[in-house]
Amino acid sequence: METKYLENWLRDAHAMEKQAEEMLEKQAERLVDYPELKARIEQHLNETRHQSDRLEQAMAGLDIDTSALKDLGGKITAFGQALGGMMMGDEVMKGSIACYAFEHFEIANYKALIQAAESAGHTGVAQVCKEILQEEIAMADWLADHLESTTTQFLHRADDDDQRAKR
Ligand code: MG
Ligand code: FE
């Protein structure tokens with residue numbers, strides 16, 4: 001089985017995780033008045049850093065050169081813009097929505113990667129991706145479970161105290 005796509009997709013996944021790390025860092029450092037959300041984002045930030053490491057190990061195991069991994073520094077994407085932009089007063093909501101979407105983007109990527117790895121007979125790589133997939137699903141589920149309550153909290157605080165609603 002052709003492994004060119006598996007290799008490319010692993011590199012893409014690594015770049016995706018670097019972008020995730022940047023997004024989550026920004027979101028975590030910005031959040032003040034949503035401690036539960038902040039804590040969950042910090043937890044996933046740690047998981048995300050470990051995901052990059054595990055992908056690098058998986059790539060090294062396939063003899064993929066990891067020294068030339070794409071550096072996404074400064075590269076702004078659509079997701080990055082949702083978080084990296086100006087203070088519009090509702091960044092907790094913009095951030096929650098962007099993170100929710102991004103986790104689903106990750107889920108789709110890992111599902112494809114798992115199939116590619118299994119098709120190529122690289123069960124160890126598939127296993128790594130399955131473990132990461134579970135972390136992405138857990139984060140997506142958490143965000144899904146909390147999006148409404150975050151929104152309600154945000155709107156209540158917006159009525160109450162304009163500043164404290166924001167982040
Ligand atoms: Mg991830
Ligand atoms: Fe994630």
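First listed ligand is number 1; within each ligand, the first listed atom is number 1. The figures that follow rest on heavy atoms only: side chains count, while hydrogens, waters and symmetry mates do not.
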- Item | Distance (rounded to the nearest 0.5 Å) between Asp63 CG and Glu7 CD | 9.0 Å

- Message: Does Phe102 form a side-chain contact (heavy atoms from CB on, under 4.5 Å) with Gln19? I'd like the steps, not just the answer.
- Response: CA-CA 10 Å; Phe102 197 88; Gln19 190 190 348; 3.9 Å; yes

- Message: Go through it in stages, so that I can follow the logic: the residues are Gln51 and Glu136, the test is side-chain contact (heavy atoms from CB on, under 4.5 Å), and I'd like the CA-CA distance, side-chain angles, deciding distance and then a yes or no.
- Response: CA-CA 10 Å; Gln51 289 169 1; Glu136 310 302 14; 2.9 Å; yes

- Item | Minimum-distance atom from the Fe ion (ligand 2) among N, O or S atoms of Glu103 | OE1

- Apply the side-chain contact (heavy atoms from CB on, under 4.5 Å) test between Leu55 and each candidate in Lys18, His50, Glu17; give the one that qualifies. Glu17

- If you stand at the Fe ion (ligand 2) and look out to OE1 of Glu136 and OE1 of Glu106, what angle do those two lines make, to 10°? 100°

- With a cut-off of 2.8 Å, which protein N/O/S atoms are close to the Mg ion (ligand 1), if we only count those under it? Glu17 OE1, Glu17 OE2, Gln51 OE1, Glu106 OE2, Glu136 OE2

- Pair Glu47, His44: side-chain N/O donor-acceptor within cut-off below 3.5 Å: yes

- Task: Anything under 30° is parallel, anything over 60° is perpendicular, the rest tilted; go ahead and classify Tyr5 against Trp9.
- Result: tilted

- Query: In this structure, which one of Lys38, Glu42, Lys26 forms a side-chain contact (heavy atoms from CB on, under 4.5 Å) with Leu31?
  - Reply: Lys38

